[in-house]
Chemist: 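A single structure is presented below for examination.
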Amino acid sequence: MFTDLSLWYSSLTPTLRLLWVCAIVSSMIFVIQNVLMLMGLGDMDSDTEFDVHTDFGDGSADVDVQADGHEGTLGSAGVFSLFTLRNFINFFLGFGWGGISLNSSIASRGWLIVASVACGLFFVLVFTVMLRLVLRLETNGAFRIKECVGQTASVYLRIPGQHSAAGKVHVSAGGSVHELAAYTDGDELPSGSRVKVIGVIDGETLLVE
């Protein structure tokens with residue numbers, strides 16, 4: 001099997017060797033990234049270094065990709081979120097597989113590389129747009145405690161008066177019912193009372209009357 005692979009690799013042109021190396025290596029890293037992300041083990045945003053050596057027949061070429069820092073940043077600037085490890089992988093994924101797919105249609109080596117780069121950039125664009133849509137959906141569906149202000153709530157655990165201790169209320173916001181701690185500046189509010197939310201004390205506590 002390894003002999004057959006070696007013979008097949010030797011039969012490729014230098015350009016195709018580059019494309020296959022980029023496609024296979026980026027695919028492996030892409031799969032590992034997503035498996036780790038689904039397992040909740042991170043998004044491969046720590047220091048990472050890849051070193052790929054391949055012989056193109058007319059010399060040796062080294063591909064050395066280093067990533068240092070966190071996903072979504074460029075050094076300490078915190079800008080240019082396109083320049084992330086994930087997007088580098090997405091680029092080489094499109095570059096490799098796009099070039100392999102177009103190889104039989106484009107005879108010129110130069111134009112094939114140009115088309116492969118275009119495929120890589122397209123992959124980056126598509127994955128970036130998809131990620132932002134997912135994050136936007138998560139943000140839109142997230143509960144914001146400020147949405148409770150002005151809503152009517154039901155006292156679940158009595159709320160001592162004069163802001164002396166917290167009770168609990170059930171309040172409907174964001175399409176669902178939430179149980180939150182609550183204080184009141186007035187008299188004690190017994191369980192079952194209907195109250196109005198007049199303010200937010202912190203991220204998990206309301207002020208009611």
Side-chain angles (χ1 to χ4, degrees), residues 1-140:
M1 177 179 178
F2 290 106
T3 302
D4 293 339
L5 288 175
S6 179
L7 291 174
W8 166 78
Y9 184 76
S10 300
S11 67
L12 299 175
T13 63
T15 302
L16 272 179
R17 292 181 190 179
L18 171 64
L19 294 173
W20 273 106
V21 168
C22 290
I24 293 173
V25 173
S26 61
S27 295
M28 292 174 60
I29 298 172
F30 181 83
V31 170
I32 293 172
Q33 275 184 326
N34 288 281
V35 169
L36 291 177
M37 183 174 64
L38 291 174
M39 293 174 62
L41 299 179
D43 198 22
M44 290 190 69
D45 58 359
S46 57
D47 296 348
T48 309
E49 180 175 337
F50 305 99
D51 193 6
V52 179
H53 298 277
T54 182
D55 184 3
F56 295 143
D58 53 356
S60 176
D62 295 334
V63 179
D64 188 13
V65 180
Q66 295 183 350
D68 185 9
H70 296 280
E71 186 81 18
T73 63
L74 183 61
S76 60
V79 294
F80 303 129
S81 60
L82 286 177
F83 296 95
T84 64
L85 174 59
R86 177 169 292 277
N87 278 337
F88 276 116
I89 299 305
N90 293 337
F91 172 80
F92 285 112
L93 195 66
F95 176 84
W97 291 116
I100 291 169
S101 301
L102 295 173
N103 178 62
S104 59
S105 304
I106 303 177
S108 169
R109 174 180 175 179
W111 282 113
L112 179 60
I113 294 296
V114 171
S116 300
V117 170
C119 288
L121 294 175
F122 178 73
F123 266 54
V124 171
L125 177 63
V126 169
F127 280 105
T128 300
V129 170
M130 289 175 60
L131 179 60
R132 291 188 176 183
L133 288 176
V134 170
L135 292 176
R136 184 176 299 173
L137 288 174
E138 290 180 351
T139 300
N140 291 341

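As the structure is a computational prediction, the values presented were derived from the model and not from experiment.
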Chemist: If only side-chain N and O atoms count, and only distance matters, is there a donor-acceptor pair under 3.5 Å linking S26 with W97?
Modeler: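 The criterion, which ignores hydrogens and geometry beyond distance, is not satisfied for S26 and W97.
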Chemist: Quick one, S108 and V114 - any side-chain contact, counting heavy atoms below 4.5 Å?
Modeler: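 A side-chain contact is absent here, since even the closest heavy-atom pair is not under 4.5 Å.
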Chemist: Judged by atom type as modelled, is there a donor-acceptor pair below 3.5 Å linking the side chain of N103 to the main-chain atoms of G99?
Modeler: no
Chemist: Rounded to the nearest 0.5 Å, what separation is found between the OG1 atom of T15 and the CD1 atom of I100?
Modeler: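 Result: 12.0 Å between the selected atoms.
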Chemist: With a 4.5 Å heavy-atom cut-off, do L112 and L19 have their side chains touching?
Modeler: yes
Chemist: If I take atom CH2 from residue W111 and atom OG from residue S116, how far apart are they, to the nearest 0.5 angstrom?
Modeler: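 Between atom CH2 of W111 and atom OG of S116 there are 12.5 Å.
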Chemist: For side chain to side chain contact (heavy atoms under 4.5 Å, CB included), just list the numbers for N87 and F123, CA-CA rounded to whole Å, side-chain angles, deciding distance to a tenth of an Å, and then say yes or no.
Modeler: CA-CA 9 Å; N87 278 337; F123 266 54; over 6 Å; no
Chemist: Do you know which two heavy atoms are closest between S27 and L93, and how far apart they sit?
Modeler: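 That would be OG-CD1, 3.3 Å.
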Chemist: What is the minimum heavy-atom distance between C119 and G94, and which atoms define it?
Modeler: CB-O, 3.4 Å
Chemist: Would you compute the distance between atom CD1 of I89 and atom CD1 of I29 and round it to the nearest 0.5 angstrom?
Modeler: 4.0 Å
Chemist: Using the side chain to side chain contact (heavy atoms under 4.5 Å, CB included) criterion, which residues pair with V126? Sequence neighbours excluded.
Modeler: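 Testing V126 for side chain to side chain contact (heavy atoms under 4.5 Å, CB included), a comparison that skips the adjacent residues, returns F122, M130.
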Chemist: Can you tell me how far CZ of F95 sits from CD1 of I113, rounded to the nearest 0.5 angstrom?
Modeler: 4.5 Å
Chemist: With a 4.5 Å heavy-atom cut-off, do V21 and L18 have their side chains touching?
Modeler: no
